[in-house]
Amino acid sequence: MQRSKIKDIFSRSQAGGEVLVQGWVKTRRSSKSVTFIQITDGSTLQDLQVVVDESNPSHEQAASLTTGCSVSVAGVLVDSPGQGQKFEVQATSLEVLGGSDPETYPLQKKRHSPEFLREIAHLRPRTNTFGAMARIRNSMAYAIHSFFQDRGFQFIQTPIITASDAEGAGSMFRVTTLDLNDLPKNGNAVNDEEDFFGKPAFLTVSGQLEAEIFAMALSDVYTFGPTFRAENSNTSRHLAEFWMVEPEIAFCQLDGLAELAEDFLKHICGHVLEHCQTDMEFFNKWHNDTTLATLEGIANSRFERITYTEAVKLLESSGEKFEFPVSWGTDLQSEHERYLTEKKIQKPVIVTDYPKDIKAFYMRMNDDGETVGAMDVLVPRIGEIIGGSQREERRDVLEARMTESGISHDDYSWYLDLRSYGTVPHSGFGLGFERTVQFVTGVSNIRDVVPFPRTPKSAEF
RNA sequence: UCCCCGAUAGCUCAGCGGUAGAGCGAGCGGCUGUUAACCGCUAGGUCGUAGGUUCGAAUCCUACUCGGGGAGCCA
C-alpha cells in the first residue's frame with residue numbers, strides 16, 4: 001500500500017478505505033482496553049489519531065510507545081467519534097520503526113522555552129512551533145520566487161565569496177586558507193598573495209553590486225541567497241548569517257521601486273494567509289494574537305509614503321518623549337520608527353529621501369544636493385524590513401560620492417564602467433528574509449525563525 | 001560593544017545567611033474512547049564556573065561564561 005501524508009488524509013472529503021501512515025509519536029494515551037496515539041509526519045500541524053484496540057495483536061506494543069518513536073501504521077480511516085478531529089485511523093497493524101528512550105528524549109509533551117529548544121536544534125523541528133515555522137518559511141520562499149517570476153524577473157546567483165571589501169554594509173568574515181599559526185609575511189604584514197585567491201577574500205554582505213551588473217543587461221533581476229555580517233550585534237533581530245532578497249530593476253525610479261516593495265510584501269502576506277492557514281492560526285494563538293490581523297491589514301491597506309523630512313516634522317510635533325532627540329540630519333532611531341509605524345500611522349510606512357550623509361555612496365543624489373533617493377519600508381514590531389534606493393547612474397556624481405566616502409575608484413572600476421557604457425536609471429532594495437518570517441509569524445526572536453542560527457559566540461550544529 | 005535582569009531536578013520555577021522544594025516530565029501500578037487524558041506511589045540536585053566574606057553561603061561580594069530584555073550597527 002502507498003503511504004499517505006497526514007495533510008492529504010485530512011483534506012479528504014469523507015472517511016473510508018485502507019490507509020498507510022508513517023510518522024513520529026507526539027503523545028500516547030492508554031487505558032486498559034484501548035490506546036490512542038497521536039502521530040505527526042510534518043506535512044501539517046495537525047496530528048493524526050491512531051486507535052489501537054485491546055483485541056489488536058499490536059496493542060501491547062502500542063501501549064508502550066513513547067514520545068518520539070517512529071511508527072508505520074496500516075488501518076481503516078474512519079469518522080472520529082471523539083472531539084477534536086474529523087478522522088482517525090482504526091489500526092489493523094502497527095510496526096515500530098525506531099524507539100525513543102523516554103528517560104533521555106528531551107522533548108516532552110508540554111511546552112518548552114525557545115531558549116531550551118535552541119539547544120536541541122536537531123530535534124526542535126519535531127515541535128509544533130518549529131514545524132509550523134519551517135512550513136511557513138518554505139511557503140514564503142516559494143512566494144518570493146513566484147512574485148518575481150510572474151513579473152518576468154531573472155533569478156541571478158551572485159557570489160558568496162567576494163574580494164570586494166568595502167560594500168558599506170558592515171564588517172565581513174575573512175575567508176582564507178592561510179595557516180593562522182604560521183602566516184606568510186612580507187615584512188611585518190601578512191603576504192596576501194600566498195592566500196588561496198592571491199588576495200584577501202570575504203563572505204558577501206550583499207549581492208547588490210553584482211545584481212546591478214545583470215540589471216544593466218537583463219533589465220529586471222533578483223537575488224535570493226545567504227549573506228554574512230561579522231557585526232557584534234546581540235539583538236533579537238540580527239544574525240551573522242541570514243538570507244536576503246535583492247531585486248534590481250533597470251529603467252525604474254524611486255516611486256516605481258516603492259510600488260514594487262509594497263506589492264511584494266502584500267504578495268508574501270497574501271500567499272501565507274492563503275496557503276498556511278492552520279500554521280498561522282497556531283502562531284496567532286500561541287505566539288502573537290495580532291499577527292493574523294496584521295497580515296490581513298497589510299494585504300488590504302495602502303502603505304503610507306512620507307519623506308524623511310516629513311517624518312522628522314511628524315516626530316518633532318508628536319509631543320512624544322523620545323530617549324534620543326529628533327533632528328534633521330541624524331538617522332531615525334528604533335523608537336522613532338516604531339512610533340511612526342505603530343502609533344502615528346498604524347500600518348507600514350515607506351520613508352524616502354534621506355540625508356545623503358547617513359546613506360550609502362551608491363544612492364542617487366536628489367536635485368536638492370542634500371538628500372538621496374533612498375527608501376526604507378518600516379513595519380510594526382520589526383521596524384526596518386526593507387532598505388533600498390534609486391542608484392546613482394551618473395558617473396561623475398557617483399565618483400564624487402565615492403571620493404567623499406573614501407571608496408577606491410580602482411577597486412570598483414567595473415561598477416563605474418556600468419555608468420560609462422549605456423547607463424540607465426535603476427533601483428533596487430534588500431529584504432531580510434528572516435525578519436520577514438519574524439514579522440509574519442510573530443515569533444519574537446530571530447534565532448527561532450532560522451533552522452540553525454549563527455550569532456556572536458554561537459554556531460552550533 | 002553598552003545598560004538592566006537571570007543561571008537551583010530532564011523542563012518551568014520557588015527558596016535569598018542555618019543541612020534542598022513544587023508543578024510538569026520520567027519509572028511503577030490503576031483506569032472500557034482518550035484529546036499535551038485522569039488517579040495513586042517512587043526515583044531524581046557537587047544550587048553555571050572560579051575566587052572571596054562568614055562559625056556557617058543556593059542565599060552576600062568580585063570576575064568570567066552563557067542566556068533574556070533594551071540600545072547601537074543594520075536586513
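None of the values given here were measured: they were computed from a predicted structure. The figures that follow rest on heavy atoms only: side chains count, while hydrogens, waters and symmetry mates do not. Protein chains get the first letters and strands the later ones, always in sequence-line order, with residue 1 at the start of each.
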Please determine whether any donor N or O and acceptor N or O are separated by less than 3.5 Å between the side chain of A:Gln108 and the base of B:G10. yes
Among the nucleotides B:A75, B:G72, B:G67, whichever has the atom closest to the side chain of A:Ser233 is B:G72
| said: Looking at A:Gln83, I'd like to know whether one of its side-chain N or O atoms comes within less than 4.0 Å of OP1 or OP2 on B:U34. | reply: no
**Request:** Look at the side-chain N and O atoms of A:Lys109 and state whether any lies under 4.0 Å from the OP1 or OP2 oxygen of B:A37.
**Result:** yes
Check this one for me: any side-chain N or O of A:Arg237 less than 4.0 Å away from OP1 or OP2 of B:G69? no
Paired with A:Lys359, the salt bridge (Lys or Arg N to Asp or Glu O under 4.0 Å) test is passed by just one of A:Asp331, A:Asp376, A:Asp353, namely A:Asp376
**Prompt:** Going by modelled atom types, is there a donor-acceptor pair between the base of B:C74 and the side chain of A:His238 at under 3.5 Å?
**Reply:** yes
Exercise for the section: Respond yes when some side-chain nitrogen or oxygen of A:Asn445 is under 4.0 Å from OP1 or OP2 of B:G68, and no when none is. Expected result: yes
Review point. With no angle test and no hydrogens, is the base of B:G70 tied to the side chain of A:Glu323 by a donor-acceptor pair under 3.5 Å?
Key: no
So does A:Thr27 get a side-chain nitrogen or oxygen closer than 4.0 Å to the phosphate oxygens (OP1/OP2) of B:A37? yes
(Q) So, does A:Ser113 get its side chain near the phosphate of B:U12, meaning an N or O under 4.0 Å from OP1 or OP2? (A) yes
Review point. Is the phosphate of B:C31, meaning OP1 or OP2, less than 4.0 Å from a side-chain N or O of A:Ser30?
Key: no
Practice prompt. Test the A:Arg118-A:Phe116 pair against the cation-pi criterion, namely NZ or CZ under 6.0 angstrom from the six-membered ring centroid and within 45° of the ring axis.
Written response: no
Exercise. For B:C74, take OP1 and OP2 only and decide whether either is under 4.0 Å from a side-chain N or O of A:Thr235.
Key: no
Closest to the side chain of A:Lys110, out of B:G33, B:C73, B:C11, is B:C11
Any side-chain N or O of A:Arg29 below 4.0 angstrom from OP1/OP2 of B:U34?
no
The nucleotide from B:C11, B:C74, B:U34 with an atom nearest the side chain of A:Phe36 is B:U34
